[in-house]
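Contents: one structure, followed by commentary.
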Amino acid sequence: MAWSVTGPGNAPALGLRALRASAPIVAGLCCVSVVGLAARGPRRASSKPFASISASLSTEKKEAVETKHAPAALGPYSQAIKANNLVFVSGVLGLIPETGKFVSDNVEEQTEQVLKNMGEILKASGASYSSVVKTTIMLADLGDFKKVNEVYAKYFPHPAPARSTYQVAALPLNAKIEIECIAAL
């Protein structure tokens with residue numbers, strides 16, 4: 001579903017009440033942009049204010065990604081979701097899939113296991129490390145930043161994805177690191 005409302009010069013304008021009555025907006029499924037221009041100073045006959053509202057509603061469904069080659073989600077969430085040609089990978093821990101235990105208490109080894117697990121989830125979704133566009137790293141101790149970078153650099157080819165790194169108060173199961181990502185399909 002797509003609709004558009006414009007003002008003078010383009011097409012008849014609909015008021016917001018008329019728009020709401022004729023095209024209800026579903027929250028979370030639509031993108032809306034509004035643009036307006038008001039003439040400054042004395043109004044000239046040729047300068048008319050206008051307004052434009054457009055929205056597009058995606059008809060694509062989201063699809064859960066699951067693999068037994070990575071640890072199962074620890075709560076009511078998916079390992080990843082595919083939607084709109086993107087893959088959203090939930091935060092991944094350094095757990096061994098078969099045992100559900102951490103590979104070790106060492107941040108480098110946990111980082112390595114996190115990235116292996118992430119790779120399995122990406123593979124199950126049809127993506128790969130090279131298709132990752134954004135990662136978010138959460139660390140129990142920001143002092144581990146350099147150690148994590150050394151392991152991380154082995155997994156992401158140039159150009160590396162955009163990234164944010166934060167120290168957090170705590171991670172699930174007292175992990176040292178958790179990484180989530182977004183990949184393009």
Side-chain angles (χ1 to χ4, degrees), residues 1 24-32 55-157 159-185:
M1 169 184 188
I25 298 173
V26 178
L29 296 177
C30 118
C31 176
V32 178
S56 73
L57 183 61
S58 172
T59 57
E60 290 188 48
K61 301 267 186 215
K62 66 181 183 179
E63 176 187 338
V65 176
E66 294 181 40
T67 178
K68 293 183 188 298
H69 300 291
L74 298 175
Y77 58 91
S78 301
Q79 287 174 318
I81 291 288
K82 287 171 44 172
N84 297 322
N85 291 323
L86 295 172
V87 180
F88 299 86
V89 178
S90 296
V92 180
L93 301 177
L95 301 172
I96 299 169
E98 298 80 15
T99 65
K101 306 275 186 207
F102 284 108
V103 66
S104 79
D105 197 35
N106 175 293
V107 72
E108 292 98 338
E109 290 178 17
Q110 281 192 27
T111 303
E112 190 85 37
Q113 188 64 45
V114 164
L115 292 167
K116 286 179 185 176
N117 292 340
M118 181 179 288
E120 291 295 335
I121 296 168
L122 290 167
K123 182 177 166 184
S125 72
S128 66
Y129 296 111
S130 64
S131 60
V132 173
V133 295
K134 172 73 167 81
T135 62
T136 303
I137 300 177
M138 290 140 291
L139 294 170
D141 181 357
L142 200 54
D144 291 331
F145 188 77
K146 185 177 178 183
K147 295 174 188 175
V148 168
N149 280 341
E150 290 171 8
V151 177
Y152 181 94
K154 296 188 295 185
Y155 284 84
F156 293 103
R163 184 178 106 179
S164 301
T165 304
Y166 304 99
Q167 178 174 317
V168 295
L171 290 168
L173 305 176
N174 292 317
K176 300 276 187 194
I177 184 169
E178 180 175 3
I179 304 177
E180 64 182 26
C181 74
I182 301 170
L185 291 173

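For reference, positions follow the sequence shown, starting with 1.
In terms of the side-chain contact (heavy atoms from CB on, under 4.5 Å) criterion, residue partners of E178 (sequence neighbours excluded) are, by chain and number, L93, M138, L171, P172. A search for side-chain contact (heavy atoms from CB on, under 4.5 Å) contacts involving A184 returns L86, V133, not counting sequence neighbours. Residues satisfying the side-chain contact (heavy atoms from CB on, under 4.5 Å) criterion with E108, sequence neighbours excluded, are N106, K147, V151. Not a single side chain to side chain donor-acceptor pair (under 3.5 Å) links T99 to another residue, sequence neighbours left out.
Considering every non-hydrogen atom in both A140 and Q167, the closest pair reads O-CG, 3.7 Å. Across C181 and M118, no two heavy atoms sit closer than the pair SG-SD, 3.7 Å. Across every non-hydrogen atom of K134 and S164, the tightest pair is NZ-OG, 3.0 Å. Residue A127 comes nearest to L185 through the heavy atom pair CB-CD2, 4.0 Å, listed as atom of the first residue, atom of the second, then distance.
Between S125 and E63 the shortest side-chain heavy-atom distance does not fall below 4.5 Å. When side chains are defined from C-beta on, V103 does not count as touching E112, because their heavy atoms never get closer than 4.5 Å. Within the 4.5 Å cutoff, side-chain heavy atoms of T135 are placed close to those of R163. Within the 4.5 Å cutoff, the side chain of S128 has no heavy atoms near those of the L122 side chain. Using a 4.5 Å cut-off on side-chain heavy atoms (C-beta onward), D144 and I177 make no contact. In this structure the side chain of L173 reaches within 4.5 angstrom of the side chain of L95, judged on heavy atoms. Taking the side chain as every heavy atom from C-beta outward, K176 and S104 never approach each other to under 4.5 Å.
To the nearest 0.5 Å, atoms CD1 (I121) and NE2 (H69) are separated by 11.5 Å. The line from CG of L115 to CD1 of I179 is 4.5 Å long, rounded to the nearest 0.5 Å.
Summarising the local packing, NZ of K123 is surrounded by 12 or fewer heavy atoms from other residues, nucleotides or ligands at distances under 6.0 Å.
Sorted by first and then second residue, the pairs that involve residues 79-133 and meet ring pair (Phe, Tyr, Trp, His ring centres under 6.0 Å), not counting sequence neighbours, are Y129-Y155, Y129-F156.
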Identify every side-chain donor-acceptor pair in residues 71-80 under 3.5 Å, counting partners at least two apart or on other chains, and give the distances.
{"residue": "Y77", "atom": "OH", "partner": "L74", "partner atom": "N", "Å": "3.1"}
{"residue": "Q79", "atom": "OE1", "partner": "T67", "partner atom": "N", "Å": "2.7"}
{"residue": "Q79", "atom": "NE2", "partner": "T67", "partner atom": "O", "Å": "3.1"}
{"residue": "Q79", "atom": "NE2", "partner": "A70", "partner atom": "O", "Å": "3.3"}
{"residue": "Q79", "atom": "NE2", "partner": "P71", "partner atom": "O", "Å": "2.8"}

